[in-house]
Amino acid sequence: MSATDIVHAADPDSQEALDALRHSCAHVMAQVVQELFPGTRITIGPAIENGFYYDFDSEHRFTEDDFKEIEKRMLQIAEGNHPFVGKEVTYEESKAYWASKGETYKLEILEGFKDQKLTHYTHSTFTDLCRGGHAPNTRSIRHFKLLSVAGAYWRGDEKNAMLQRIYATAWPSREQLTSHLKMLEEAKKRDHRKLGPALDLFSIQDLAGPGLIFWHPKGGRVRLVMEDWLRAEALKRGYDMVYTPHIANVDLWHTSGHTSFYRQNMFGEIEVEKAEYQLKPMNCPLHILIYQNSLRSYKDLPLRYAELGTVYRYERSGVLHGLMRVRGFTQDDAHIFCTPDQIESEVSGCVDFALEVFKTYGFEKYAMEVSTWDPEKKADYSGEVEEWDRATGALEAVLKRRGIAYRLMKGEAAFYGPKIDMKLIDAIGRPWQLSTVQFDFNLPKKFNLEFVGRDGARHRPLMVHRALYGSVERFFGILVEHYAGAFPLWLAPVQVKILTLTDAQNTAAGELKKKLDEAGLRVEWDARSEKIGHKIREATMEKVPYMVVLGPKDVEAGTLAVRLRDGRRKNAVSADEFLRHLTEEVARKKPASSWETE
RNA sequence: GCCGGGGUAGCUCAACGGUAGAGCAAUCGCUUCGUAAGCGAUAGGUUGUGGGUUCGAAUCCCAUCCCCGGCUCCA
């Protein structure tokens, strides 16, 4: 055993140490599963973010009811403090070992490692074929929890056998495990699929079909604010708003190439007067048609066409997920047509816009990735070497100049161009893929796009595709979870709820409502004959930011008693002061009320 | 699409071969009340859908639709 095989990291929270811990835990889980369910064959068990999994092939159908027993036995082994011992083996030795155990999957893995150094790692009674990176002993892996069981294809290929995957989480300390489990619980509470219907924001209707979203009045109000803000911001930044049809003749999709490279995601043809039409899965070709409608000069460029374009994509039934993965959605899509010397400033403009989106919606953290091509496989890509180099250079240069850290994702680019993907990190630390800025070298060529240059000759413009929300549906879903349903004032579907104590306050309530309505605020008035506590409870559960409790004393004093949804209160506020505060808070778009309360 | 789990009142759940039930919500009445649930009554269901087994099915079987956890894919 060499010193590097075992991770004795000084920092137990280093990624290396965490992975080692989790991977070691996977070994122990595999040991226990084989012990408790004889005949189970093992495959692989890597560390993943926050934990690990192990894939098994077993006659037994694992359920969460098995977890308790597996965990109990795992703990016993952990307490046994068995060391993880690595041993170099030859291909033949390894093959003989796994053959004797009937571990067919291990034998298959072995085939891929014929000419490499192989190691077996053993702890307690269990040995696994493994390249190493382990905790020193089983004692350090006590803080874990099995989470779920799911199907997974052997080697991720749907043509292969379906295995059973057990997911688990593991941490260096009890505190970290507890806090992670708390986060999972919190995530469950914030789930937009629960909150959405509970707050009456949206629904999905069986009769209409899966993956199709119905925006209810309250969700619709939030969406309207989101869209209005985005449109206003786009216009400020020199975009033009365009509108394009939802269906188009298949010839368009043949020209763009979508019917070949995107076919599996498109809904079928619609026959109309002997011509075939298809629902649009993307807006790009339609924006291109607008570009092509006139002869463009270099003086016209850059042209920035933006649209809240609703697209339809066929997604396999098993992948649909609330608002996050649907079959019909609206992209805040834009296509920028520009000259080569404009690309850096255009990319910069997109990144700037994206950062403004993050800031506006209260996301403080984000992660960026630049996806480049794999130069080894040039033939798979559209576009010339110089184009790729220049565009990739521009993407990186923009981020570098702004001092934004990014990960380089080699070979992750689409065939048509490199891109920046921006993930934002929500209130409980989860990353979400959101904004994207990508070059497209394919479509300008397919459509033979041109502009007349200063030299009087025809040149091909560059095309940048950019989405900031990504999809309005998904972004809205992320917001619901980010805010846990408690939208900041500027987004809240109902901003103020007036709660009257008795009918004697009806006149005053009506006047107040009128005043706030006229200021453009979204106000409701609960005039029911319910106790004030009941009304407060309901308004609080609806997550209305401001409640005005209106009783005889307030009417007499001519002031308002304001209550915030978090329970804070501010009494004896004048209507004018309240209105001023609301107006200012809407304008500042702050996630939480900044009001000083008593 | 695939593997596994699951669909009972608007919502959360109970009944698990023998007359479908509770809480909340809804409706109607009473109550006019000071900061997170006032009281009472009423109504609400071909148990996702279709077929089968059975004297009898929410319960067992088959098919189908949808949802959930994942796989593959992705805005």
Side-chain angles (χ1 to χ4, degrees), chain A residues 53 55 57 60-65 147-167 188 191 193-194 197-198 200 203-211 262 264-265 281-283 309-311 313-333 414 421 432-436 438 465 467-478 499-506 527-542 547-554 561-571:
Chain A
Y53 65 78
D55 284 349
D57 185 358
H60 178 74
R61 294 281 151 233
F62 297 108
T63 68
E64 293 188 10
D65 298 334
L147 295 177
S148 62
V149 53
Y153 299 106
W154 167 234
R155 299 198 147 158
D157 188 333
E158 63 186 47
K159 289 190 225 57
N160 288 339
M162 182 63 85
L163 305 168
Q164 296 184 75
R165 174 172 298 180
I166 297 179
Y167 281 95
K188 226 175 177 174
D191 193 327
R193 292 167 303 178
K194 255 182 112 79
D200 201 17
S203 66
I204 297 167
Q205 304 284 339
D206 281 1
L207 191 58
Y262 209 69
Q264 72 281 8
N265 278 307
M282 291 186 187
N283 302 299
T310 302
V311 296
R313 298 184 184 176
Y314 165 68
E315 299 285 356
R316 296 156 124 206
S317 58
V319 308
L320 300 174
H321 182 97
L323 294 173
M324 305 304 188
R325 189 77 180 274
V326 297
R327 285 184 175 157
F329 61 99
T330 301
Q331 293 181 306
D332 64 317
D333 214 354
D421 280 328
W432 298 96
Q433 165 64 46
L434 198 74
S435 312
T436 182
Q438 30 192 114
H465 168 106
L468 305 176
Y469 291 164
S471 123
V472 178
E473 283 76 5
R474 175 183 287 180
F475 189 63
F476 178 71
I478 293 169
L499 313 176
T500 40
L501 246 72
T502 73
D503 293 344
Q505 290 83 50
N506 284 359
R528 293 174 306 163
S529 149
E530 292 288 350
K531 293 190 81 165
I532 197 67
H534 187 79
K535 294 186 182 186
I536 286 170
R537 180 184 156 79
E538 290 198 347
T540 306
M541 290 198 308
E542 287 164 27
M547 288 161 246
V548 176
V549 177
L550 204 55
K553 289 178 206 161
D554 308 296
V562 180
R563 183 188 166 106
L564 281 63
R565 63 187 156 196
D566 60 10
R568 287 145 69 206
R569 289 203 239 163
K570 193 170 176 82
N571 292 315

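Owing to the predicted nature of the structure, the values given are computational and were not obtained by experimental measurement. To find a chain, count down the sequence lines: A is the first, B the second, and so on, and within it residues start at 1.
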Visitor: Using whole Å, what does the distance between atom P of nucleotide B/G4 and atom CZ of A/Arg61 come to?
Guide: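 Roughly 5 Å, once rounded to whole Å.
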Visitor: Which heavy atom in A/Ile478 sits nearest to a heavy atom in A/Met324, and how many Å separate them?
Guide: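 Shortest heavy-atom contact: N-CE, 3.7 Å.
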Visitor: Nearest to the side chain of A/Ser529 - B/C74, B/C33, B/G34?
Guide: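 Per side-chain heavy atoms of A/Ser529, the pick is B/C33.
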Visitor: Stacking between B/G70 and A/Tyr167, yes or no? Criterion: centroid separation under 5.5 angstrom, plane angle under 30 degrees.
Guide: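 The base of B/G70 is not stacked with A/Tyr167 (the test needs centres under 5.5 Å and planes under 30°).
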Visitor: Which heavy atom in A/Glu315 sits nearest to a heavy atom in A/Val326, and how many Å separate them?
Guide: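 Reported closest heavy-atom pair: CG-O, 3.6 Å.
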Visitor: Counting only distance, no hydrogens or angles, is the base of B/A25 paired donor-acceptor with the side chain of A/Glu538 under 3.5 Å?
Guide: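 No pair found.
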Visitor: Looking at B/C73, I'd like to know if its phosphate oxygens (OP1 or OP2) sit under 4.0 Å from a side-chain N or O belonging to A/Tyr262.
Guide: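 So the side-chain polar atoms of A/Tyr262 never come under 4.0 Å of the phosphate oxygens OP1 or OP2 of B/C73.
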Visitor: Between A/Ser148 and B/G70, does any side-chain N or O lie under 4.0 Å from OP1 or OP2?
Guide: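 No, A/Ser148 has no side-chain N/O under 4.0 Å of OP1/OP2 on B/G70.
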Visitor: For B/U31, does OP1 or OP2 lie under 4.0 Å from any side-chain N or O of A/Arg528?
Guide: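 The answer is no; no side-chain N or O of A/Arg528 sits under 4.0 Å from OP1 or OP2.
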Visitor: For the side chain of A/Glu158, starting at C-beta, report the closest nucleotide among B/C30, B/U35, B/G1.
Guide: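 Out of B/C30, B/U35, B/G1, the nucleotide with an atom closest to A/Glu158's side chain is B/G1.
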Visitor: Salt bridge between A/Asp157 and A/Arg155, side-chain N to carboxylate O under 4.0 Å?
Guide: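 So A/Asp157 does not pair with A/Arg155 through a salt bridge.
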Visitor: Can you tell me whether the side chain of A/Ser317 and the base of B/C66 have a donor-acceptor pair closer than 3.5 Å?
Guide: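 Looking at the base of B/C66, it does not pair with any donor or acceptor on the side chain of A/Ser317 (distance under 3.5 Å).
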Visitor: Return the nearest nucleotide to the side chain of A/Asp206; candidates are B/C66, B/G34, B/C71.
Guide: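 When the side chain of A/Asp206 is considered, B/C66 is the closest of B/C66, B/G34, B/C71.
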Visitor: Whole Å only: how far is the CZ atom of A/Arg325 from the P atom of B/U72?
Guide: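 It works out to 12 Å between those atoms.
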Visitor: Is there a donor and acceptor pair closer than 3.5 Å between the side chain of A/Arg537 and the base of B/U35?
Guide: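 There is none.
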Visitor: Please report the distance separating the C1' of B/U46 from the corresponding atom of B/A41, rounded so that it comes out in whole Å.
Guide: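 28 Å, rounded to whole Å.
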Visitor: Quick one: is B/A36 close enough that its OP1 or OP2 comes under 4.0 Å of any side-chain N or O from A/Arg563?
Guide: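 Affirmative; the distance criterion is met.
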Visitor: Counting side-chain heavy atoms from CB outward, which of B/C71, B/G38, B/G34 is closest to A/Asp554?
Guide: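 Nearest listed nucleotide: B/G34.
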Visitor: Give the nucleotide from the list B/G69, B/U35, B/U72 with an atom nearest to the side chain of A/His321.
Guide: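 Nearest nucleotide to the side chain: B/G69.
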Visitor: Between B/A36, B/U35, B/G69, which one does the side chain of A/Ala150 approach most closely?
Guide: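 Shortest atom-to-atom distance from the side chain points to B/G69.
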Visitor: At less than 3.5 Å, do the side-chain atoms of A/Tyr314 and the base atoms of B/G1 form a donor-acceptor pair?
Guide: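 There is none.
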Visitor: What's the closest nucleotide to the side chain of A/Pro210 if the choices are B/C67, B/U31, B/U35?
Guide: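 Of all the options, the side chain of A/Pro210 is nearest to B/C67.
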Visitor: Where the side chain of A/Val319 is concerned, which of B/A75, B/G34, B/C71 is the nearest nucleotide?
Guide: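 Closest nucleotide to the A/Val319 side chain: B/C71.
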